[in-house]
Every structure is written in C-alpha cells, then in structure tokens.
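Note sheet for the following structure.
In listed order, ligands and their atoms are each counted from 1. Numbers here simply count residues along the sequence, with the first being 1.
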Amino acid sequence: MDLNDSLEEHFRLVPAQKNALKKIGLLSVGDLLYHFPTRYGDTSAMKNVGDLAVGEVAVVFGKISGLKTSKAFRKKIPMAEAFVEDETGKIKIVWFHQPYLAKMIGENSFVRIEGKVTERRNELYFSNPKIENVAKLPIAVGDSLFGSAGEAHTLYPVYPESRGITSNWFYHALQRVFKSGILDDVVDPIPEEILFRYNLPSLKSSFIFIHTPQKQNDAMGARKRFAFQEVFFIQLGKQKERKEQENQQSFVIEEDEKSIESFTSRFPFKETTAQKKAIATILNDLKSGQPMSRLLEGDVGSGKTAVAATSVYAVTSTRPKGQDFGNLQTAYMVPTEILAKQHFQSFIKYFAYLGINIGLITGSGCLKFPSKIKPTEATPISRAQLLKWVANGEIPILVGTHSLIQKTVKFKNLAYVIIDEQHRFGTSQRRKLRQKDAILPHLLSMTATPIPRTLALTVYGDLDLSLLDEMPAGRKPIITEIVPPNKREDINEKIRIGLKEGRQLYVICPRINEPDPEKEQALIAKSAKEEAKRLKKDVFPEYSIDVMHSKMTPKAKDEVMERFENGKTDILVSTSVVEVGVNVPNATMMIIEGGERFGLAQLHQLRGRIIRSTHQAYCYVFAESKSQKTLERLKALKTAKNGFELSELDLQLRGAGELYGRRQWGLSDIAMEAIKNIKMVEAARTEARRLISEDPELKRYPLLHKYIAEAKEIHFE
Ligand code: ADP
Ligand code: MG
C-alpha cells in the first residue's frame, strides 16, 4: 500500500461509497489518512438501559422499535418517538421539532443514543438525545465497539458521515491502512527541531493519535500538530513568495511633498490621521525600488479610496524611465461592474484637473474620459480602441473588473496595481494582474473585511499591513437597534416615517446554510423574491420595491442599482451576497432579517452600506430568536469600536468555523481551530520566516518545498 494509491485499489467499494468518497474529495490512501474524526465517543460513559437514572447524561446502545411521528398534544409541536432496547431494558426516546429523525433511523436498526435521562409521570425517557446509526452493538458495556476484546480503547472516532458512507467504514478502512505498515514509511515534512521546540508529535504518531486515541489528550496533541502544520505550510508559501518579490525590481516613484500636497489639498475634506499615515507609508514603499506589497485594511467608509488616489497621483506624475513625456500606468481592479463605474467616476473627480485620460473596462463595455466632444464627460469607446490606448500608454489610469486580467489587456508601463475589495479575488487573479510585465508593479490590496489578527497574519503573510482604524470626523455613527420579534411593528412604523421623508431602505435577507453552494444561492434568491412580495403586499404597499440577488446577470443588477440610486425604487430587498461598498447616500435605513444567523463582523459589513450620508442612518437587526444570549451577542454591534473588534468577538463567541468569509480563506476546519490560538499562529510564522531567510529555496527541505509547490490554489466565489 502506498500513500498515492487510489482507494479503489485497496478497498472493495460499492458505487454509493465511491460516489460519497469522490464527493468529499477522498481519492487516495493519503487523503484517507487526512480525513479526521470530528469527535470521539467514549464507550466508558456507556450504560445498560436497565441501570439508567434520572438526571444522568448517558450513552446507550440498542435496537430501535416503535418509531412513530405525531404532534405533541397541547402545543401541536411535531415530534417523533421510539424505544431503544438492550438486553437489560427498554426506554422511550422523544424528539421535539425533529420528526425527520424518524425517517433517518429505521425500525429495528442499531443506534447509539447520547443524552440526558428525564422523567415524566414516573416514566424515564431521553428527550432530544443525539442519535447515530451503528453497524453493530458492543458485546457488553465496557467493551469497545471497535477494538477487539481486551484492548483498553474506550474512545472511538466519529467521522463526518455523508450519504453512502458511514463513520464505521472510515474506522475500519483506516485500521487496514495502519495494519499495512504504511505509517513506517511516512516521512515527516516538518523539521524535527521544530516539532521538538513546540512539543508536537511526529507525523506517524499524529496519524495514530488522531484516528485511534487512547486518551483525549493524545487526540488533542495530534490535532494541534495538524493545525500547526497547515498554518506553517501556508506561512512558508507566503514567506517564500515575499522573499522572491523582495529580490525583484520595481519602479522608483519619487514625488515630493509639495506636489502630493497640491493633490490632497483639493480634497473636499481633511484627511484623517490614519489616512495621512497610510499615505506616507505607501509613498515611502514606492520610493524604494523594491516592489511594494501592502494591504490597506479599513472599515467601510474609512476613506480607502482617497489614500489609493493619492498614491495613484504619485505614480501617474512619474515619467517612464528615459522619457520626458507620458506617465507610468495604474490598473485598478474591483469585483463588480457597479463598483467599477463608481470608482471610474470618483477617479474622474480626483484627476480631471490634470488633463489625463482615464479608462474603464468591464464585461459590458468600455468608457474613456475625457470625451473629445464633451471634455467634462466620459464617452463609450470600443474595446479595441481602449486596448490600443492602454498598450501605447496613452491611458495612464485604467479602472475595471476581472476584464482587466485578460491576456488581451497589455500595458506599456504598468507600475502600480490596486485591488479593491481584494478578498473577492483569488490569489491567482491577483498574481495575473501583477505579472503582466517584466518589472514587477507595486501592489496595493484593499479590504474592509474585518478579520481577527491571527487570521490576517496567516492569510496575508506575504503582505505588509496598513490599518485605517479611524473614521472621518463629523460622521454620525449608525444607530443600531436589535429588534426582538415582538417589536417588529414599532420599527416598521419608524421606517415608514423615514420613507415618507424621502429616505430609502435596504432589506437584507437572512443567510441560509446549505452545504451545496449552488443550491444555497438559489434558496437565498428565492427567499429574497418572496420577502419583496410580502413587503409589498402586507407592509409597505405604497412604496416601490426591487430585488437584488447573486443569481441575476450583472446587467440586471446594474439596472436595479441604477433605479435605486435615482430614487425610483424606495426599498431594495437584497441578499447578503450582494454587499460590497455600493454608494447610495440617500439610503439611510437598513433592516437585517435573521440577524442571529450572521457573524457580528458580517453584520457590521452589511450596515456599512448606509454610512455614506449626512442624514442619520439607522440599522435594525431583526432577530428571530428570543434567547438572551443571542440578543446579548448582537448588542456588541452597538458598543464595538470597529469591525476588527467585532471579528475578534466572533472568534471568541462563535468559533473559527463561523468567521466571516471562512470559505474564502480555504483553510480546513483544523487550521481554523489554530486561528483561535495566537501563540500557535505566531510560532508558525516565526519558524516559516526563519527557514525562508536561512534557505530561501528550501533546498535543505525538499519535502517542504514539494508541499508548497503543490499547495492547492484557492478559488473564491
Ligand atoms: P472606503 O474605505 O469604504 O472605500 P471611501 O473611500 O469610499 O471609503 O470613502 C467614503 C466616503 O468618505 C467618500 O465619500 C469619501 O469622499 C469620504 N471621505 C474620505 N476621507 C474622508 C475624510 N478624511 N473626511 C471626510 N470624508 C472623507
Ligand atoms: Mg471602497
């Protein structure tokens, strides 16, 4: 048996199992070893049904009988009931609100039940216990379900099950893998000294500990090692990339302070201290001749565009080498057409006075400013014409969507690449835009995605960070209210007053959790349409309502947005998927439905849409739940200073799995666990930096080199 062997070579698989394995991406023996249990059951907590007592939390194994679904009689709650039976007795099980459970368990099937024993009218029963199908029953209490009699295993691994494949299959398959002796040949990619320094188990031990732990502690140690491993590999990749960039040349951009001031003094506002600092740092980077790789993080409305524009000014004012005419070029990439147009317009405002050309390229057409006929306006031009002017350097600033990275877009002197809302792009897309030329352009990435520091250190390991942690003065903070179900009506009345005064309203539909992303999008789109209908029919019949969701074409989205911007629509019902910095100053009210389904950081992102106005903005977070804990959590929206604080709270309160945008980072569950642990993340980073600075090509560590080279490219949206 070899790590790269396909599972089919060694296991007889029925079609359903093959499909299931393929679906979760397990093809090789190596994949199987990296398929970790989500938790461990403990057979020592196992009881005989006959010995159960009120109030105890117990695990029993037995056979199911008497399955039926019904309605609990007073409140009409759907419920399922059954009995579970072993040689010593029989006990009732009741599930409220989960009648579907009855469909998942068959009559006479063997199950494992875990829950609290309750009593009603002298009868013992389990209420809403955990239930799992098991292949067979343990012989007697104290026996392991899995290990042969006499072995002291009391922990057994529980793997994520999916249709067609059981937890038990994984257990037995892994036993076979272990018995083959394959683990004796695995080579640990992590240098021994590092394992030693952080007291981490070897790869071989870790596989054994994680799949067949004797003690919970062993399993924890192994999880820690795999978490470290993943973060360490990511860091190595990032640090290596960073080192390679540092060795490359870039354009030297030197602009004197006076000239910069001539630009910033035209702003209709005074920069914040944070903006000034970020500008100074960036200008300093641009001078060095080494390519800049910087991330500018700041909440929505913190004024990232002005910072970017100032640095673009410095680039644009620089002549290409050996020329006394023309300008160095900037490419400014944003994720959507709406945003591309908005940025094109703001860049016209910033740069028109200089008399330079500005281009816009999107999937649905191209614009150029200024128009020959009307010098204060932009004009549509053909794509071919635009590309020609970009290629010969006549358009120094090009704003666009993904269209910017197509091969046909060639620049004469691309010196600067800016990526706005950078989390919406894949790393390969970012790289493509940057590597259009022999000399590496400078890179400024911008994001309003609030993520905890540990995550930033990991996923942005190759970038320097600048933070805009200060809002422009004079902006009224959004008034946020957490609205329990019984207060809905009052809020609707308040909103009606706002609408009467001419303000506009966003309604954000709840998030729907569904493992299949395609299906998820479809469900959310459907719920948005239904919500719009309901609002029109029952709540705000006198106002015009539009819907926007991610299933719509870019053109349709643009049209909806345009109607909303022009005030033709009063209420825009939208999904949370369509959330990046769209700017409609008159939209000052927002309802977020199902607030508890979002992380705090995402709620903060969403309300960022209504921050752009001089009118007071109101955000109403409707909660479906009455739970005090939920409402308390949401209240942090009223007290936290910025998005970063909220993202740290999400990490503490909801765990790494719930972090905003977690799918985007492409980290496994186990690496997300590491994100909670600042010490581990820092250790991984320190070690990665050290290795790369000692041995940039990782010549001494061929295995590490191979891992990084093969690291999966993460794809976004
Ligand atoms: P974001 O960081 O979300 O991209 P923007 O750059 O779009 O924010 O800025 C939001 C708004 O704030 C814009 O209308 C911009 O002109 C304005 N703005 C930016 N900086 C300041 C400032 N220092 N004082 C007042 N308004 C500012
Ligand atoms: Mg922005």
*Kindly say whether A601 contributes a backbone atom to a donor-acceptor pair with the side chain of D650 at under 3.5 angstrom?*
yes

*Quick one: closest heavy-atom pair of A306 and Q275, and the distance?*
CB-NE2, 4.0 Å

*Which residues satisfy the side-chain hydrogen bond (donor to acceptor under 3.5 Å, both in side chains) test with Q329, sequence neighbours excluded?*
none

*Are any side-chain N or O atoms of K410 and backbone N or O atoms of K412, one a donor and one an acceptor, separated by less than 3.5 Å?*
no

*Report all protein residues having a heavy-atom distance below 4.0 Å to some atom of ligand 1; order the list by chain, then number.*
F269, K270, E271, T272, Q275, D299, V300, G301, S302, G303, K304, T305, P472, R475, R612

*What residue pairs, at least two apart or across chains, pass side chain to side chain donor-acceptor pair (under 3.5 Å) with a residue in residues 289-300?*
Q245-S293, D285-R294, S293-R434, R294-S466, D299-H604

_Please enumerate all residues that pass ring pair (Phe, Tyr, Trp, His ring centres under 6.0 Å) together with Y620, with sequence neighbours excluded._
none

